[in-house]
Amino acid sequence: MDQVFHGFTELFAQLGLPNDAASIRQFIQTHSPLNSSIRLEEAQFWNTAQAALLKEELLGDSDWAEAIDRLNLALRGAIASAKEHRAS
């Protein structure tokens with residue numbers, strides 16, 4: 001079985017969002033930190049189709065689930081925190 005890896009660029013394109021590196025960074029900065037009590041797909045910044053895509057792909061444990069999980073961590077500040085911790 002072939003394993004497919006999707007990056008943020010592909011995920012953002014799938015969500016219909018600008019997918020260049022600067023736009024992705026700006027999106028994450030704008031919407032971070034996401035409150036831990038809010039499920040990723042329930043965040044107010046998604047439109048109905050984006051929220052449905054995120055929910056369906058996570059529930060189905062699809063090829064997109066890993067990229068969505070990484071986006072979830074990035075929006076909650078976990079990725080930046082881990083990088084800062086390693087640097088110190």
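Heavy atoms only, all atoms of each residue included: Ala65 and Leu58 are closest at O-CD2, 4.0 Å. Minimum heavy-atom separation, Ala67 to Gly7: CB-O, 4.4 Å. Closest approach of Ser32 to Leu75, counting heavy atoms only: OG-O, 3.2 Å. Heavy-atom minimum distance, Leu11 versus Leu71: CD2-CD2, 3.9 Å.
Under the rule for a ring pair (Phe, Tyr, Trp, His ring centres under 6.0 Å), the partners of Phe27 that lie at least two apart in sequence or sit in another chain are Phe12, His31, Phe45, Trp46.
With values rounded to the nearest 0.5 angstrom, Thr9 atom OG1 is found 13.0 Å from Gln14 atom CD. Taking CG of Leu17 as the reference point, atom CG of Asn47 lies at 8.0 Å (rounded to 0.5 Å). In this structure, the separation between CG on Leu40 and CG on Leu73 is 10.0 Å, given to the nearest 0.5 Å. Atom CG of residue Asp63 and atom CD1 of residue Ile68 lie 10.5 Å apart, to the nearest 0.5 angstrom. Here CZ of Arg70 is found 12.0 Å from CG of Asn72. Values are rounded to the nearest 0.5 Å. Of the inter-residue distances, the one linking Arg39 atom CZ with Leu34 atom CG reads 11.5 Å to the nearest 0.5 angstrom.
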Is there a side-chain contact (heavy atoms from CB on, under 4.5 Å) between Trp64 and Leu53 once you walk through the steps? CA-CA 10 Å; Trp64 293 102; Leu53 174 78; 5.9 Å; no
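Of the possible polar contacts, one joining the Gln50 side chain to the Leu15 backbone as a donor-acceptor pair under 3.5 Å is found.
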